[in-house]
A.B. asks: 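Mind having a look at this structure? Questions to follow.
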Amino acid sequence: MTVQVATLGFPRIGARRELKKALESFWAGTSTKADLHQAAEHLRAEAWSRQKAQGADIIPSNDFSFYDHVLDTSAMVGAVPEIYGKVDGNVDLTTYFAMARGRQVKGESHEDCGCGKHSHSSDVPAAEMTKWFDTNYHYLVPEFSADQTFRLSSTKIIDEYREAKEQGHDTRPVLLGPVSFLLLGKGRDASLNRLDLLGSLLPVYADVLTKLHEAGAQWVQIDEPALVLDLEDATQAAFKQAYQSLTQAVPAIKLLLTTYFGGLGHNLDTALSLPVHGLHLDLVRAPEQLDTVLSKAHPDLLLSLGVIDGRNIWRADLNAILDRLEPIAAKRDIIIAPSCSLLHTPIDLERETTLDPEVKSWLAFAVQKIGELSTLAKALNQGRDAVRAALDESAAAVKSRKNSVRIHNTAVKERAAQKDASLAKRLSPFPVRQKAQEEALHLPLFPTTTIGSFPQTKEVRQARAKHAKKEISTADYEAFLKEQTASAIKWQEETGLDVLVHGEFERNDMVQYFGEQLSGFVFTKHAWVQSYGSRYVRPPIIYGDVTRPAPMTLDWWKYAQSCTQKPLKGMLTGPVTILNWSFVRDDQPRSETCRQIAFAIRDEVQDLEKAGCPVIQIDEAALREGLPLRRQDWKTYLDWAVESFRITSSGVQDKTQIHTHMCYSEFNDIIESIAAMDADVISIETARSKMELLEAFTDHHYPAEIGPGVYDIHSPRIPTVSEMADLLVAAEKKVSRRQLWVNPDCGLKTRRWEEVRPAIANLVAAARELRG
Ligand SMILES: Nc1nc2c(c(=O)[nH]1)N[C@@H](CNc1ccc(C(=O)N[C@@H](CCC(=O)N[C@@H](CCC(=O)N[C@@H](CCC(=O)O)C(=O)O)C(=O)O)C(=O)O)cc1)CN2
Ligand SMILES: [Zn+2]
């Protein structure tokens, strides 16, 4: 029997962030469309040949994207909301980027033209963006109208298949499946049942499959990650309808139904009943499903086994995987693959030349993971002896990581093991604290604030890069940062904000900055992973027990507060977010690692309070994102996540106001847990969804104060006063005015000062209008 190696998707950004550079210069008008296409073509060629060279037998095409593959799918089927203009023929780049980023042509905003609405084609907001399952990758939410029709409007998938073929690669194109696509989208009005659109969507998918077949494709990887979610009967029926219809329409093409981020669970029988030729399983997150699938699957169903973790960076235990695979490979042909697309891992470990060698020997990035698969396949096809050296190396890495003394710290473990309930409880209930805080802070109604960061300008990033390369001294770097901070504070005072921030100029990233100062973490130099569009992150790697050797933010807060009489917020990242946005050790439960981080941040909170900090924000932007995909696993997660937050926030007096911030969060289902965090103020993202998110807070009578974002900071558009005032009026209908704060959706680090200054001035004006 033969074993083949496949990949389901490769990082698209380039080992040197070539895609970011190509996109940002195109958007800035300093390069042409042809330059952008050329850069993309080069990246694709390199990804294909790299995967081949590492030993992948089956490689994907159409995993590349200029911005996001869900947006690509919307473009493919012509799901382009009217506000972006009528699409005849193919969706062009201008329309594509307008959906991704919004579009605002100077001097033509709707205020100037007097049209009074957003439908003016030169001023359109971006489509809504949200988290891709439980990852830190964001996709653009497809939006469907009641009279939605679909039409093939992009030939990207066929073009890229052909492009690869010209380079000698017969790829397996990747297509986001029709059911997951519909479920990831939303109806313009809530009454629309997305699955009702399936019948009109399927012909476009059939058309695509036909064209791929005509171009020579034998197999298509059709991703249906929705199959790992809790699904209603109607959705299961939709799967049957979809795949019966597609197989009937295009019987010649073979479909690999691809599931990831979890197990099939109660959808297993549905998945096995679909008339497809292959099925991919995530055996890292859900190893237990393999036995059932093996016993139930038709012998002709080609199984693709996701045995290498596509969501983490640890080197695999190849011998253990072989123990599992050998008996299976003796009986049937199989494909082995990463558990999911490698989009969520950095590209190449070899570029990390300064990483601690011991830790480095424990790691594998995308390229190395394909190498691991190729070793596994050789062992299965030719016997373990054919790859003895590689297997021994894997065993040695596993052993060294298990036994390393650097991982374990008894004092940390003992502290985290404390069960004293008072550690996670504020002194008084919220109403008492609210009073104490009113007396301490004297804030007006509708207090204004921002979420923390101000523009990370080229100047700021360059200064940091120069400091890292020792081209400027620490003293000069710090003087520069102080200047930036002081001028941001002066501007905030002039603009009339009520609670000020220092601007986070000293931080490269809200997680990385803390990780760099905590023990138990290591950092990479080049290990970027796409978060959204051209924005990438370098997640820290947590390998050992976590401690805080020294205060991390205290001096910056002290300096900033010395510049103003107004309250200046201390700004911290919470333990759940540090956990969720790092690559986490897999040798102990995540809850344990989170608790260790919680104690480290608690110490920082107490240091800030001692220094006189009146308001402390502990960001938990990733709390919702870490929610397990299956409802049955929610409670356990929420219990420890909320407890960790409370450990960090509960060591302070009543008068110290604790804020938290969350972006992109669907709160309806978890509002009790959000309330249980017991923060005094929570700021949330609501601008793009037009305050829809506030429903959760209304219906459940959220007890504390709320800042629903009125400024969509992920778009370069500058919101007007009336637009923000309207949002606040809408908010006031849902929660009482005494509860309301006025703030943007999120931090302003990705924006330019030219956008931030007028936008925040408008925001303050909107708050004043409401007060008046
Ligand atoms: N971890 C994380 N996840 C998050 C967020 C977040 O803030 N952090 N926010 C939400 C949205 N996601 C985001 C993700 C990334 C960025 C972002 O701005 N990323 C920056 C990189 C931030 C960073 O690490 N910057 C470093 C390195 C910057 C850099 O590129 N330096 C240059 C040199 C400087 C120059 O010449 O410009 C280089 O290395 O070549 C620094 O400032 O020090 C980017 O892509 O541009 C924003 C939002 C959700 N998830
Ligand atoms: Zn945010």
Side-chain angles (χ1 to χ4, degrees), residues 13-21 23-25 27-28 68 129-132 134-139 344 346 351 450-469 471-472 477 481 484 501 503-516 523-540 571 573-574 576-583 617-626 659-665 682-688 693 707-709 711-715 743-752:
I13 62 180
R16 291 175 170 72
R17 287 182 293 163
E18 290 89 338
L19 184 57
K20 176 185 183 70
K21 288 161 202 167
L23 283 170
E24 291 181 353
S25 66
W27 292 333
D68 158 44
M129 190 160 68
T130 197
K131 294 285 167 108
W132 173 246
D134 58 355
T135 73
N136 191 5
Y137 175 84
H138 305 58
Y139 73 93
H344 313 288
R351 292 209 63 212
T450 61
I451 306 304
S453 56
F454 283 130
Q456 286 275 332
T457 56
K458 206 176 171 58
E459 214 189 346
V460 172
R461 278 183 287 116
Q462 268 169 2
R464 183 153 47 248
K466 280 191 181 153
H467 177 239
K469 286 187 217 141
E471 288 168 21
I472 58 172
Y477 177 54
L481 291 173
Q484 295 283 317
V501 297
E504 302 181 26
F505 299 107
E506 76 288 6
R507 303 185 187 178
N508 38 22
D509 173 76
M510 59 185 285
V511 167
Q512 189 178 347
Y513 181 75
F514 288 93
E516 280 172 357
F523 290 88
T524 58
K525 284 221 156 64
H526 309 283
W528 296 95
V529 179
Q530 186 181 22
S531 180
Y532 72 92
S534 70
R535 295 292 171 172
Y536 310 158
V537 295
R538 256 178 311 189
M571 193 61 60
T573 303
V576 187
T577 299
I578 293 180
L579 182 89
N580 282 332
W581 286 350
S582 297
F583 289 119
Q617 179 172 313
I618 306 165
D619 291 324
E620 283 294 21
L623 188 125
R624 176 64 174 81
E625 162 190 322
H659 289 220
T660 188
H661 161 74
M662 295 183 197
C663 25
Y664 300 116
S665 292
I682 179 173
S683 60
I684 56 172
E685 172 273 343
T686 40
R688 266 196 208 187
L693 236 100
Y711 166 15
D712 167 18
I713 59 86
H714 291 99
S715 164
N743 50 256
D745 269 344
C746 188
L748 297 162
K749 60 190 157 210
T750 59
R751 300 270 56 90
R752 296 180 307 129

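Each ligand, and each atom within it, is numbered from 1 in the order the structure gives.
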A.B. asks: Got an N/O contact under 3.5 Å between Lys458 and ligand 1?
C.D. replies: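 Lys458 vs ligand 1: no N/O contact under 3.5 Å.
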A.B. asks: Does any non-hydrogen side-chain atom of Tyr711 lie less than 4.5 Å from one of Asp745?
C.D. replies: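 No - every pair of side-chain heavy atoms lies 4.5 Å or more apart.
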A.B. asks: With heavy atoms only and a cut-off of under 4.0 Å, state how Asn508 meets ligand 1: side chain, backbone, both or neither.
C.D. replies: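 The part of Asn508 near ligand 1 is both the backbone and the side chain.
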A.B. asks: Does ligand 1 come near enough to Arg535 that some N or O of the ligand is less than 3.5 Å from an N or O of the residue?
C.D. replies: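 N/O-N/O distance below 3.5 Å exists for this pair.
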A.B. asks: For atom 20 (C) of ligand 1, find the nearest protein heavy atom and state the residue, atom name and distance (0.1 Å precision).
C.D. replies: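 Heavy-atom neighbour on the protein nearest atom 20 (C) of ligand 1: Tyr536 O, 3.8 Å.
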A.B. asks: Between Lys131 and Arg624, does the side chain to side chain contact (heavy atoms under 4.5 Å, CB included) criterion hold? Intermediate values first, please.
C.D. replies: CA-CA 9 Å; Lys131 294 285 167 108; Arg624 176 64 174 81; over 6 Å; no
A.B. asks: Taking Ser715 for the side chain and Asp712 for the main chain, is one N or O donor matched with an acceptor at less than 3.5 Å?
C.D. replies: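 A pair under 3.5 Å: no.
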A.B. asks: Indicate yes or no for a side-chain donor-acceptor contact from Gln456 to the backbone of Glu504 under 3.5 Å, with no hydrogens or angles considered.
C.D. replies: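 Confirmed, Gln456 side chain pairs with Glu504 backbone.
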A.B. asks: Using the side chain to side chain contact (heavy atoms under 4.5 Å, CB included) rule, take Met662 and Ile682 through it: C-alpha gap first, then chi angles, then the decisive distance, then the call.
C.D. replies: CA-CA 8 Å; Met662 295 183 197; Ile682 179 173; 4.2 Å; yes
A.B. asks: Parallel, tilted or perpendicular: which describes the rings of Tyr477 and His467, with under 30° parallel and over 60° perpendicular?
C.D. replies: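 It falls in the parallel class, under 30°.
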A.B. asks: Stepwise, does the side chain to side chain contact (heavy atoms under 4.5 Å, CB included) test hold for Glu625 with Trp581?
C.D. replies: CA-CA 10 Å; Glu625 162 190 322; Trp581 286 350; 2.8 Å; yes
A.B. asks: Please work out whether any backbone atom (N, CA, C, O) or any side-chain heavy atom from C-beta onward of Met510 is under 4.0 Å from ligand 1, and answer side chain, backbone, both or neither.
C.D. replies: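 Just the side chain.
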A.B. asks: Please state which part of Trp528 comes within less than 4.0 Å of ligand 1, counting heavy atoms only: side chain, backbone, both or neither.
C.D. replies: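 Under 4.0 Å from ligand 1, Trp528 contributes side-chain atoms alone.
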A.B. asks: Would you say ligand 1 has an N or O under 3.5 Å from any N or O of Lys131?
C.D. replies: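 No - when backbone and side-chain N and O of Lys131 are compared with those of ligand 1, no distance drops under 3.5 Å.
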A.B. asks: I'd like to know whether ligand 1 has Arg507 as a neighbour, heavy-atom separation below 4.0 Å.
C.D. replies: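 No, Arg507 has no heavy atoms under 4.0 Å from ligand 1.
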A.B. asks: Exactly one of Arg461, Arg538, Arg464, Glu516 should register a side chain to side chain donor-acceptor pair (under 3.5 Å) with Asn508. Which one does?
C.D. replies: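 Going through Arg461, Arg538, Arg464, Glu516 one by one, the side chain to side chain donor-acceptor pair (under 3.5 Å) with Asn508 is satisfied by Glu516 alone.
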A.B. asks: Return the residue, atom name and 0.1 Å-rounded distance of the protein heavy atom closest to atom 3 (N) of ligand 1.
C.D. replies: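 Minimum-distance protein heavy atom for atom 3 (N) of ligand 1 reads Asn136 ND2, 3.0 Å.
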A.B. asks: Is the closest heavy atom of Ser534 to ligand 1 under 4.0 Å?
C.D. replies: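 The answer is yes, since Ser534 has a heavy atom less than 4.0 Å from ligand 1.
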A.B. asks: Which ligand 1 atoms, with their elements, are less than 4.0 angstrom from a heavy-atom of Val537?
C.D. replies: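 Near Val537, meaning under 4.0 Å from one of its heavy atoms, ligand 1 has 1 (N), 2 (C), 3 (N), 14 (C), 15 (C).
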A.B. asks: Do any N/O atoms on Thr750 end up under 3.5 angstrom from N/O atoms on ligand 1?
C.D. replies: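 By distance alone, the answer is no.
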A.B. asks: Atom 35 (C) of ligand 1: which protein heavy atom is closest, and how many Å away?
C.D. replies: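 Residue, atom and distance for the closest contact: Gln462 CG, 3.8 Å.
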A.B. asks: Taking Thr573 for its side chain and Asp619 for its backbone only, find out whether a donor-acceptor pair lies under 3.5 Å.
C.D. replies: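 No, because the side chain of Thr573 does not come within donor-acceptor range (under 3.5 Å) of the backbone of Asp619.
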A.B. asks: Polar-atom distance check: Trp581 versus ligand 1, any N or O pair below 3.5 Å?
C.D. replies: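 In this structure, Trp581 places no N or O atom under 3.5 Å from an N or O of ligand 1.
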A.B. asks: Does ligand 1 come near enough to Tyr532 that some N or O of the ligand is less than 3.5 Å from an N or O of the residue?
C.D. replies: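 No; every N/O pair is 3.5 Å or more apart.
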A.B. asks: For ligand 1, which atoms sit closer than 4.0 Å to a heavy atom of Ser531?
C.D. replies: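 Near Ser531, the atoms of ligand 1 are 12 (N), 13 (C), 14 (C), 50 (N).
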A.B. asks: With a 4.5 Å cut-off on side-chain heavy atoms, are Asn136 and Val537 touching?
C.D. replies: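 A side-chain contact exists here, since the closest heavy-atom pair is under 4.5 Å.
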A.B. asks: Any atoms of ligand 1 less than 4.0 Å from a non-hydrogen atom of Lys749? List them with their elements.
C.D. replies: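 Ligand 1 atoms under the 4.0 Å threshold to Lys749: 6 (C), 7 (O).
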A.B. asks: Checking Gln617 side chain against His661 main chain: does a donor-acceptor pair fall under 3.5 Å?
C.D. replies: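 Answer holds: no.
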A.B. asks: Please report which non-hydrogen protein atom sits nearest to atom 33 (C) of ligand 1, along with the residue it belongs to and the distance in Å to one decimal place.
C.D. replies: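 The answer is Ala465 CB, 3.7 Å.
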A.B. asks: Between the Zn ion (ligand 2) and His661, which N, O or S atom of the residue is the nearest one?
C.D. replies: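 The nearest such atom is NE2.
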A.B. asks: Give a yes or no on whether the backbone of Arg16 and the side-chain of His526 come within a donor-acceptor separation of less than 3.5 Å.
C.D. replies: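 Not at all, since once roles are kept as given, no pair shorter than 3.5 Å links the two residues.
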A.B. asks: May I ask you to check if ligand 1 and Asp509 share an N or O to N or O distance below 3.5 Å?
C.D. replies: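 Yes - when backbone and side-chain N and O of Asp509 are compared with those of ligand 1, one distance drops under 3.5 Å.
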A.B. asks: With a 3.5 Å distance limit and no angle check, can you tell me whether Ser453 reaches the backbone of Leu748 through a side-chain donor-acceptor pair?
C.D. replies: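 Side chain of Ser453 to backbone of Leu748: a pair is present.
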A.B. asks: Quick check: Arg17 and ligand 1, any N/O pair under 3.5 Å apart?
C.D. replies: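 Right, the criterion is met.
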A.B. asks: Under 4.0 Å from a heavy atom of Arg538: give me the atoms of ligand 1 that qualify, with their elements.
C.D. replies: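 Within the 4.0 Å cut-off of Arg538, ligand 1 contributes 24 (O), 26 (C), 27 (C).
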A.B. asks: Quick one: the SG of Cys663, the Zn ion (ligand 2), SG of Cys746 angle, rounded to 10°, please.
C.D. replies: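 Computed angle, vertex at the Zn ion (ligand 2), rounded to 10 degrees: 120°.
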A.B. asks: Of all the atoms in ligand 1, which lie at a distance below 4.0 Å from a heavy atom belonging to Arg464?
C.D. replies: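 Reading through ligand 1 atom by atom, the close ones are 41 (C), 42 (O), 43 (O).
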A.B. asks: So which heavy atom in the protein is nearest atom 37 (O) of ligand 1, and how far is it from that ligand atom?
C.D. replies: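 Atom 37 (O) of ligand 1 sits closest to the protein heavy atom Arg461 NH1, 3.0 Å.
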A.B. asks: Determine yes or no for a side-chain-to-main-chain donor-acceptor pair under 3.5 angstrom, with Arg17 supplying the side chain and Tyr536 the backbone.
C.D. replies: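 Answer holds: no.
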A.B. asks: Students should be able to answer this: which protein heavy-atom is nearest to atom 44 (C) of ligand 1, and at what distance?
C.D. replies: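 Protein heavy atom at minimum distance: Lys20 NZ, 3.1 Å.
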A.B. asks: Counting N and O atoms only, with roles assigned by atom type, does the side chain of Glu459 sit under 3.5 Å from a partner on the main chain of Gln462, one being a donor and the other an acceptor?
C.D. replies: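 Side chain of Glu459 to backbone of Gln462: no pair is present.
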